[in-house]
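Everything below concerns the one structure shown next.
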Protein chains: 2
Amino acid sequence: MTVSPPGPALSAPTLDHALGVLHANGLRASSARRLALEALYAAEEPVSAERIAGGLDGRLPPSDLASVYRNLETFERLGLVRHVHLVQGPGLYALAARERDYLVCERCGAIRPLMPGALADVREVVKRRFGLTPRFSHHPLVGLCEDCA
Amino acid sequence: MTVSPPGPALSAPTLDHALGVLHANGLRASSARRLALEALYAAEEPVSAERIAGGLDGRLPPSDLASVYRNLETFERLGLVRHVHLVQGPGLYALAARERDYLVCERCGAIRPLMPGALADVREVVKRRFGLTPRFSHHPLVGLCEDCA
DNA sequence: ATACTTGCAAATGATTTGCCAGTGT
DNA sequence: ACACTGGCAAATCATTTGCAAGTAT
């Protein structure tokens, strides 16, 4: 067990770390996988599989969409990545370390990422009262924003 | 303005009432529309457009799926019907008077309809804190149930 | 060498759209 | 009559699956 190096290691392990996790699980570090991971590290916001396959609009070489989906699923299984359903449009993927809770307006589509913990008490109330633990990072809290209500 | 007759009028207006609303909006009481409404009145639980088109598994004559979707949209516009997205599977439709809030497990798909008001305080907290008014009757509260957590 | 992977095409599921013939009023 | 509707086929969008050819280890 090694000591984490300084830098963004804890909040968002490096690409090398991700490749290490793949290797540790008997999976290969193919160029397509490297590319998908690079895209995820490069993107500031959650991105769709389509945008990853498009090389983030040309910033990176393009790759096959079906493979991107397959690899994203693999990354999720390994705990490296998480995706969120923002109600309209495709699912969006981000590094697990960048996971966030979201609020979405069902009418205008406005998306609002929240600070970690902002919904902690809501989650706790729902869990205690109904035995269901909400994951607003996967299925956001949906409703009408002030402008649309 | 007439006085509501006794009976289930308020909680779930009759089929005749629904047809009256159509008429009052210059829309026709076609047989396809009658059928879709009959299915909605007959169904105990929210139903998919597909099931309505199938005549509720044969209980009623079948009709065209695309038309069912178009008519359900019309009914929603008139406030007669509401649909809910239960995360997996197609949208489910029910008479507006039968609208309910739902809890859904993202893993096993378990669906739990709630008593009216059960989430009133949660909705209120989210509204005050973030300006977003959740509609758990349209997009349920999603998370992990006790068995899956 | 030999699994694991990719890339491409085709299938899937839910819903929408175009269009013309049919029908309620 | 005449606009509103229905029915049917085709299109869309996001995602999945099958499979033969390619490639990391």
Side-chain angles (χ1 to χ4, degrees), chain A residues 15-16 18-39 46-55 60-78 81-93 106 109 138-139, chain B residues 15-16 18-39 46-55 60-78 81-93 106 109 138-139:
Chain A
L15 207 170
D16 279 349
L19 294 175
V21 171
L22 284 175
H23 195 260
N25 285 77
L27 301 173
R28 294 176 186 172
S30 70
S31 56
R33 291 223 254 249
R34 245 176 262 262
L35 229 37
L37 287 170
E38 278 183 50
V47 286
S48 66
E50 179 117 40
R51 248 165 69 72
I52 293 174
L60 296 169
S63 44
D64 180 68
L65 183 55
S67 298
V68 170
Y69 273 112
R70 275 186 293 234
N71 285 329
L72 287 172
E73 192 191 2
T74 297
F75 299 157
E76 283 214 75
R77 182 162 41 79
L78 298 177
V81 164
R82 301 262 94 108
H83 76 271
V84 55
H85 297 281
L86 294 186
V87 181
Q88 50 218 70
L92 301 183
Y93 297 76
E106 65 186 48
H138 188 203
H139 288 287
Chain B
L15 206 171
D16 278 350
L19 294 175
V21 172
L22 284 175
H23 195 260
N25 285 78
L27 301 173
R28 294 176 188 173
S30 70
S31 55
R33 291 223 255 249
R34 246 177 260 260
L35 230 38
L37 287 169
E38 277 182 51
V47 285
S48 67
E50 181 117 38
R51 249 165 67 73
I52 293 174
L60 295 170
S63 45
D64 181 68
L65 182 56
S67 298
V68 168
Y69 273 112
R70 275 187 291 235
N71 285 329
L72 287 171
E73 192 190 2
T74 298
F75 300 157
E76 284 214 75
R77 183 162 40 79
L78 300 176
V81 164
R82 302 263 93 109
H83 76 271
V84 55
H85 297 282
L86 294 186
V87 180
Q88 52 218 70
L92 300 183
Y93 296 76
E106 66 186 49
H138 188 205
H139 289 285

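In the text below, chain A, chain B and the rest are named by the order of the sequence lines, each starting its count at 1.
If you take CZ of B/R34 and P of C/dT25, they are 7 Å apart, rounded to a whole angstrom. Between B/L35 atom CG and D/dT5 atom C1' there is a gap of 14 Å when expressed in whole angstrom units. C/dA14 atom P lies 14 Å from atom CZ of B/R51, rounded to whole Å. In this structure, B/R33 places its CZ atom 12 Å from C1' of C/dT23, rounding to the nearest Å. Between A/E76 atom CD and D/dT15 atom C1' there is a gap of 13 Å when expressed in whole angstrom units. Rounded to an integer number of Å, the gap from CG of B/D64 to C1' of D/dG7 is 5 Å. A straight line from CG of B/L65 to P of D/dA10 spans 16 Å, rounded to a whole angstrom. Atom CD1 in A/I52 sits about 11 Å away from atom P in D/dT15, given to the nearest Å.
Take the nearest nucleotide of DNA chain C for B/R28 and for A/S63: the residue whose nucleotide is more 5' is A/S63. With the nearest nucleotide of DNA chain C identified for both B/H23 and B/A49, B/A49 has the one nearer the 5' end.
Within the 4.0 angstrom heavy-atom criterion, only backbone atoms of the sugar-phosphate kind lie near B/L27; the bases stay farther away.
Here the closest heavy-atom approach between residue B/L35 and residue B/P62 is recorded as CD2-O, 4.4 Å.
Each of C/dG24, D/dT23, D/dG7 was ranked by its minimum atom distance to the side chain of B/S67; first place goes to D/dG7. Proximity note for A/A29 (side chain, C-beta onward) versus D/dG7, C/dG24, D/dT25: the nearest is D/dT25. Considering only the side chain of A/A66, C/dA9 comes nearest among C/dC19, C/dA9, D/dT5. When the nucleotides D/dT15, D/dG7, C/dT6 are ranked by their closest atom to the side chain of A/P90, D/dT15 comes out on top. Side-chain proximity of B/N71 to the nucleotides C/dT15, D/dT5, D/dG6 is greatest for D/dG6.
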Test side chain to side chain contact (heavy atoms under 4.5 Å, CB included) on A/N71 and A/I52; report intermediate values, then the result. CA-CA 11 Å; A/N71 285 329; A/I52 293 174; over 6 Å; no

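One finds no side-chain N or O of B/Y69 lying less than 4.0 angstrom from the OP1 or OP2 phosphate oxygen of C/dT16. For D/dT5, the OP1/OP2 oxygens have no side-chain nitrogen or oxygen of B/S30 closer than 4.0 Å.
At least one side-chain heavy atom of B/L37 sits less than 4.5 Å from a side-chain heavy atom of B/L22.
Of the inter-residue distances, the one linking A/R51 atom CZ with A/L65 atom CG reads 13.5 Å to the nearest 0.5 angstrom. With rounding to the nearest 0.5 angstrom, the CG atom of A/L78 is 5.0 Å from the CG atom of A/N25.
Residue-to-nucleotide contacts include a donor-acceptor pair under 3.5 Å from the side chain of A/R70 to the base of C/dG7.
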